[in-house]
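Presented below is the structure to which this report refers.
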Amino acid sequence: MITVMKSFSGLRAAFHIFTRDLHHHHCVGIIGAPFSKGQQRDGVQRGADLIRAAGLVQKLKGQGCVVKDYGNLTFEDIPNDEPVGRLKTPRAVGRANELLAGAVQKIKSDGNTCVMLGGDHSLAIGSISGHAASRHELSVLWVDAHADINTPLTTPTGNIHGQPLSYLIHELHSKIPIIPNFSWIKPCVAAKDIVYIGLRDVDPEEHYILKHLGIKTFSMTEVDRLGIAKVMEQTCDHMFSKVKKPIHLSFDIDALDPSVSPATGTPAAGGLTYREGIYITEHICQTGLLSAVDMVEVNPKQGKTEEEIKSTVNAAVDLLLGCFGRVREGSHEPDYQIPNP
């Protein structure tokens with residue numbers, strides 16, 4: 001009997017060592033960006049606080065992460081923010097992203113993997129800019145129903161949340177006009193270092209840009225044809241074909257099917273399943289190269305019921321947990337009590 005108890009003790013010790021080794025390297029810095037002016041639907045500025053309220057910090061700590069919450073940025077109101085050409089609220093978007101870029105750079109200099117909680121997807125301008133300032137070259141994995149690569153000249157809506165990548169890509173620099181509060185932005189990503197997953201609502205001009213630049217894309221048609229495991233294998237083969245660069249994962253919650261995440265501003269039917277979304281984050285975690293994450297476009301005002309809001313927020317939390325080592329095949333310590341010998 002004593003021998004059995006000792007073997008139980010040994011198993012328990014081994015379990016603690018295993019879980020400690022699995023998670024100890026995840027130091028997470030969270031920054032909230034309650035910003036909505038990259039698009040027209042109110043409510044998206046509440047996304048960061050809802051994701052926190054669903055227990056993100058406690059759950060990350062529960063799976064062994066060291067977490068520092070840097071709080072929310074405060075964005076100033078900019079009066080008389082008139083359109084520039086087709087662009088709506090450009091001064092507010094430019095200033096907010098400049099502020100965010102500085103915050104992300106600070107989180108990276110503190111040695112953390114940065115988690116930016118949006119807010120709308122225009123915030124990727126600041127998030128990726130700040131990340132690149134601390135890490136030079138990046139690979140960007142953009143998980144989204146939309147390509148968000150319109151330029152100020154091709155945008156059909158003028159909403160900057162449909163354009164963030166165009167400001168960041170070296171090859172599109174000549175297509176960007178002078179815009180107030182955008183002069184600080186420097187292109188920091190090469191087209192060859194970008195991969196899209198989940199596309200299914202892409203403007204004709206964006207199709208042309210993607211083809212012209214040779215950007216690697218996996219539309220939902222490819223996800224269906226290949227399966228998510230093959231998609232992730234090919235994604236990593238592409239990103240790591242020459243040099244392994246830090247990964248910036250920019251995840252728009254509308255990449256998931258509206259049956260999973262309906263509370264978002266521009267839902268598109270036929271999206272990723274919950275399991276496919278989680279698989280993406282797990283796979284990126286396992287590379288050991290994840291360096292920053294955006295989680296954007298959670299908008300409670302677009303949920304018709306409390307259940308729709310809850311489903312969307314919980315999906316966002318679970319995706320982030322997958323980024324930092326949550327293992328679906330039993331990562332929690334058993335509930336049973338080992339009796340004293």
Side-chain angles (χ1 to χ4, degrees), residues 30-51 70-107 114-133 142 144 146-169 172-173 175-189 250 252-254 264-266 292 294-302:
I30 298 172
I31 185 72
F35 184 77
S36 65
K37 292 185 178 175
Q39 47 83 68
Q40 302 303 301
R41 292 183 171 91
D42 185 50
V44 73
Q45 70 275 12
R46 291 179 52 206
D49 286 342
L50 286 175
I51 291 169
Y70 289 74
N72 284 350
L73 294 171
T74 301
F75 300 110
E76 62 195 271
D77 280 327
I78 297 183
N80 306 317
D81 195 358
E82 296 298 319
V84 174
R86 296 178 185 174
L87 295 188
K88 296 170 181 170
T89 60
R91 295 163 191 83
V93 173
R95 180 70 190 103
N97 276 291
E98 187 175 12
L99 196 63
L100 176 59
V104 171
Q105 191 172 358
K106 168 75 166 68
I107 291 169
C114 182
V115 172
M116 186 276 284
L117 304 176
D120 69 61
H121 217 163
S122 70
L123 292 161
I125 297 169
S127 182
I128 294 175
S129 292
H131 189 188
W142 197 274
D144 200 327
H146 312 90
D148 293 352
I149 200 170
N150 271 303
T151 71
L153 303 177
T154 68
T155 173
T157 65
N159 294 327
I160 299 177
H161 79 156
Q163 308 168 42
L165 270 170
S166 71
Y167 301 95
L168 300 169
I169 296 172
L172 289 177
H173 186 50
K175 309 297 183 187
I176 306 300
I178 293 171
I179 304 164
N181 290 2
F182 275 63
S183 61
W184 64 273
I185 300 170
K186 303 290 183 283
C188 55
V189 181
S250 202
D252 188 321
I253 201 68
D254 74 23
T264 188
T266 50
D294 307 326
M295 183 56 63
V296 298
E297 299 285 356
V298 171
N299 187 337
K301 285 199 174 180
Q302 297 302 309

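This chain uses plain numbering: 1 for the first residue, then up along the sequence.
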Legend entry - Side-chain touch I179/I185, heavy atoms, less than 4.5 angstrom: no
Legend entry - Contact check, side chains of Y167 and V93, non-hydrogen atoms, under 4.5 Å: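 The answer is no; the side chains never approach within 4.5 Å.
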Between atom [atom1] of [X] and atom [atom2] of [Y], what is the distance when rounded to the nearest 0.5 Å?
X: D144; Y: T266; atom1: CG; atom2: OG1; value: 7.5 Å
X: N159; Y: H121; atom1: CG; atom2: NE2; value: 14.0 Å
X: S166; Y: L168; atom1: OG; atom2: CG; value: 7.5 Å
X: I128; Y: W142; atom1: CD1; atom2: CH2; value: 5.0 Å

Any donor and acceptor pair, going by atom type alone, linking the side chain of [X] with main-chain N or O of [Y] inside 3.5 Å?
X: D81; Y: R91; value: yes
X: N97; Y: S122; value: yes
X: T264; Y: E297; value: yes
X: R86; Y: P152; value: no
X: Q45; Y: G43; value: yes

Legend entry - Single hit among L117, I51, V44 for side-chain contact (heavy atoms from CB on, under 4.5 Å) with V298: I51
Legend entry - Residue list, ring-ring contact (aromatic ring centres under 6.0 Å, His included) with Y70, at least two apart or on another chain: none
Legend entry - Flag for S250-D294: side-chain donor and acceptor within less than 3.5 Å: yes
Inset, instruction - Indicate whether any N or O donor in one side chain lies under 3.5 Å from an N or O acceptor in the other, for H146 and D252. - result: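 There is no such pair (donor and acceptor under 3.5 Å, judged by atom type) between the side chains of H146 and D252.
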